[in-house]
Amino acid sequence: DARVTQTPRHKVTEMGQEVTMRCQPILGHNTVFWYRQTMMQGLELLAYFRNRAPLDDSGMPKDRFSAEMPDATLATLKIQPSEPRDSAVYFCASGLVLGKNTEAFFGQGTRLTVV
Amino acid sequence: AQSVTQPDIHITVSEGASLELRCNYSYGATPYLFWYVQSPGQGLQLLLKYFSGDTLVQGIKGFEAEFKRSQSSFNLRKPSVHWSDAAEYFCAVGAMDTGRRALTFGSGTRLQVQP
């Protein structure tokens with residue numbers, strides 16, 4: 001049963017610390033998305049990659065956030081330094097974009113709490 | 001820019017009653033449209049999608065949705081709701097003419113099912 005795997009599921013950290021969230025996309029998928037979910041803002045797109053290249057990261061605060069795909073089986077989202085306002089659930093999704101197919105499969109998310 | 005409006009933040013229905021969740025989108029061309037469901041503490045699961053063709057699409061768990069271009073709507077329906085349908089439902093739109101395959105989500109509708 002193919003699925004998107006995110007680690008860790010939960011993370012509590014102190015303000016100022018570095019946080020790294022990891023995502024293993026579904027094997028064979030060529031597109032990876034990072035979304036952030038909060039009560040106030042709902043689901044916001046932070047970044048997405050096609051064939052490991054960043055296509056759009058305009059939704060990401062550049063001064064503290066960075067997203068990478070070191071290889072096709074791993075995507076990372078890093079926050080340095082973290083702040084309390086970064087507390088949210090971060091979702092990774094992957095999809096196989098071929099022609100008109102743009103379906104995204106979501107992981108279970110990383111719940112981040114910055115105290 | 002693409003956008004999605006889900007006018008109902010919270011809906012309560014009785015088990016066995018019919019359901020309709022509203023979704024309106026804004027986009028200049030024909031969009032990709034999706035409905036996702038999120039159970040507490042879980043990621044998003046795709047219920048159904050519309051790309052082209054028949055405007056009435058069938059999804060999983062007995063859900064269906066109808067694309068109405070004239071009304072810019074993509075409402076989700078189910079003829080008889082089960083207690084297990086209690087969750088949050090998200091409508092999403094993705095552009096198909098710019099190559100940008102990311103999804104923009106609505107703010108969600110929380111469904112409560114009364115026994």
Side-chain angles (χ1 to χ4, degrees), chain A residues 1-7 9-10 21 23-26 29-51 53-60 67 88-111, chain B residues 1-10 23 25 27 29-54 57-60 65 67 74 87-110:
Chain A
D1 184 24
R3 63 182 66 186
V4 176
T5 303
Q6 289 186 249
T7 57
R9 290 292 311 279
H10 303 272
M21 290 168 273
C23 169
Q24 181 177 351
I26 293 173
H29 281 186
N30 61 359
T31 304
V32 172
F33 308 86
W34 283 104
Y35 284 89
R36 174 171 63 184
Q37 186 178 38
T38 61
M39 289 291 293
M40 295 301 296
Q41 300 298 325
L43 281 156
E44 304 173 278
L45 177 69
L46 295 176
Y48 80 106
F49 293 77
R50 174 81 40 75
N51 298 319
L55 282 191
D56 186 352
D57 60 2
S58 59
M60 204 164 62
V89 181
Y90 290 81
F91 286 104
C92 174
S94 73
L96 178 60
V97 177
L98 288 176
K100 296 182 178 180
N101 183 356
T102 187
E103 180 176 337
F105 295 82
F106 281 76
Q108 293 195 297
T110 293
R111 181 174 296 276
Chain B
Q2 59 200 43
S3 67
V4 177
T5 302
Q6 293 180 247
D8 304 306
I9 296 173
H10 184 229
C23 171
Y25 69 91
Y27 191 72
T30 301
Y32 295 128
L33 292 160
F34 305 80
W35 275 100
Y36 282 84
V37 60
Q38 184 181 30
S39 298
Q42 301 297 313
L44 281 75
Q45 181 184 20
L46 181 70
L47 286 175
L48 47 78
K49 60 188 177 184
Y50 171 78
F51 290 163
S52 64
D54 192 349
V57 293
Q58 303 296 321
I60 62 171
F67 170 59
F74 189 57
E88 187 144 22
Y89 291 79
F90 292 92
C91 181
V93 62
M96 61 183 281
D97 61 354
T98 65
R100 177 188 168 94
R101 302 295 193 203
L103 300 179
T104 298
F105 287 86
S107 54
T109 297
R110 183 168 297 279

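By convention in this document, chain letters (A, B, ...) are assigned in the order of the sequence lines, proteins followed by strands, and residues within each chain are numbered from 1. Hydrogens, waters and symmetry mates are skipped; everything else that's a heavy atom, side chains included, is used.
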Requested in this report: Please name all residues satisfying salt bridge (charged side-chain N to carboxylate O under 4.0 Å, His left out) with B:R110, sequence neighbours left out, ordered by chain then number.
Outcome: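 Result, salt bridge (charged side-chain N to carboxylate O under 4.0 Å, His left out) vs B:R110: B:E88.
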
**Report entry** Atom group of B:L44 that falls short of 4.5 Å from chain A, counting heavy atoms
**Finding:** both

Report task. Evaluate whether atom CD1 of B:I60 has more than 12 neighbouring non-hydrogen atoms of other residues, nucleotides or ligands under 6.0 angstrom away. Result ->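 Yes, the 6.0 Å shell around CD1 holds more than 12 heavy atoms from other groups.
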
Query raised in the report: Heavy atoms, side chains only, cut-off 4.5 Å: are B:L46 and A:F105 in contact?
Result: no

Query raised in the report: Would you find a donor on one side and an acceptor on the other, under 3.5 Å apart, between the side chain of A:Y35 and the backbone of B:L103?
Result: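 Yes, the answer is positive, given that a donor and an acceptor are paired below the 3.5 Å cut-off.
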
Query - Partner chain B: residue of A:Q41, A:R111, A:Q37, A:E44 with the largest heavy-atom pair count (under 4.5 Å) - result: A:Q37

Query - Heavy-atom pair of closest approach, residues B:Q38 and A:F91 - result: NE2-CZ, 3.3 Å

**Report entry** Atom pair OG/CE of B:S107 and A:M40 - distance to nearest 0.5 Å
**Finding:** 11.5 Å

